[in-house]
Structures are given as structure tokens and as C-alpha cells.
Amino acid sequence: MSNGAKAAIGGVLAAAILWPLLGFWWALLIVVGVPAAGYLLLDPSQRSRLRRINRKRIGR
């Protein structure tokens with residue numbers, strides 16, 4: 001199983017667990033906001049490296 005698939009399954013499970021506890025909008029904010037905040041915390045060189053790696057995989 002690829003890392004992307006593992007992350008997708010983890011996101012779905014997190015949303016399924018958080019939704020009844022916090023409500024739809026809070027669960028959505030957490031599921032979308034945490035990865036976005038993690039991306040924004042990367043250095044500019046790390047972001048460009050991450051984009052470059054993702055582009056290489058698309059071209060396979």
C-alpha cells in the first residue's frame with residue numbers, strides 16, 4: 001500500500017471519528033487544516049523538494 005493511500009485512509013478514519021464528537025465543520029477544519037499547517041511550516045527549500053518529488057511521480 002502506498003503512502004498516499006495510507007494517508008487517505010487515515011484522513012477518512014479521523015473524519016469518521018471526529019464528526020460525531022465535534023460536528024461536521026470542526027472535523028473538516030481539523031482534517032484539512034492540520035496537513036495544510038504542516039505544509040506551511042516547511043522551509044521554502046523543503047516545499048520545493050516536496051513539489052519536485054510529487055511532479056516526478058505524476059510523470060511516471
Side-chain angles (χ1 to χ4, degrees):
M1 185 180 294
S2 70
N3 287 337
K6 290 177 188 175
I9 291 171
V12 169
L13 287 175
I17 292 169
L18 291 174
W19 192 342
L21 297 175
L22 300 175
F24 174 75
W25 293 111
W26 283 108
L28 182 67
L29 178 68
I30 291 170
V31 170
V32 173
V34 169
Y39 178 79
L40 292 174
L41 288 173
L42 294 174
D43 293 335
S45 62
Q46 291 172 324
R47 288 184 203 165
S48 64
R49 182 173 181 255
L50 184 62
R51 284 192 302 265
R52 189 171 55 247
I53 290 170
N54 286 338
R55 275 193 223 117
K56 282 183 183 177
R57 289 186 182 169
I58 290 171
R60 274 193 206 176

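Only heavy atoms go into these numbers, but all of them, side chains included; no hydrogens, no water, no symmetry mates. No experiment lies behind these values; they were computed from the predicted model shown.
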Sequence neighbours excluded - ring pair (Phe, Tyr, Trp, His ring centres under 6.0 Å) pairs with any residue from residues 5-24: W19-F24

Show me the side-chain donor-acceptor pairs of residues 32-47 shorter than 3.5 Å, one per line, residues at least two apart or across chains.
unit_1: Y39; atom_1: OH; unit_2: R51; atom_2: NH1; d: 3.0
unit_1: Q46; atom_1: OE1; unit_2: D43; atom_2: N; d: 2.9
unit_1: R47; atom_1: NE; unit_2: Y39; atom_2: O; d: 3.4
unit_1: R47; atom_1: NE; unit_2: L42; atom_2: O; d: 3.3
unit_1: R47; atom_1: NH2; unit_2: L40; atom_2: O; d: 2.5
unit_1: R47; atom_1: NH2; unit_2: L42; atom_2: O; d: 3.4

Transitive ILVMFWY cluster of V31, excluding itself - 4.5 Å side-chain cut-off: none

Partners passing ring pair (Phe, Tyr, Trp, His ring centres under 6.0 Å) against W26 (at least two apart in sequence or in another chain): none

Value rounded to 0.5 Å, distance of CD1 in I30 from CD1 in I17: 12.0 Å

Whichever hydrophobic residues join V12 through chains of side-chain contacts under 4.5 Å: none

Co-membership, hydrophobic cluster, residues L21 and L29, 4.5 Å side-chain: yes

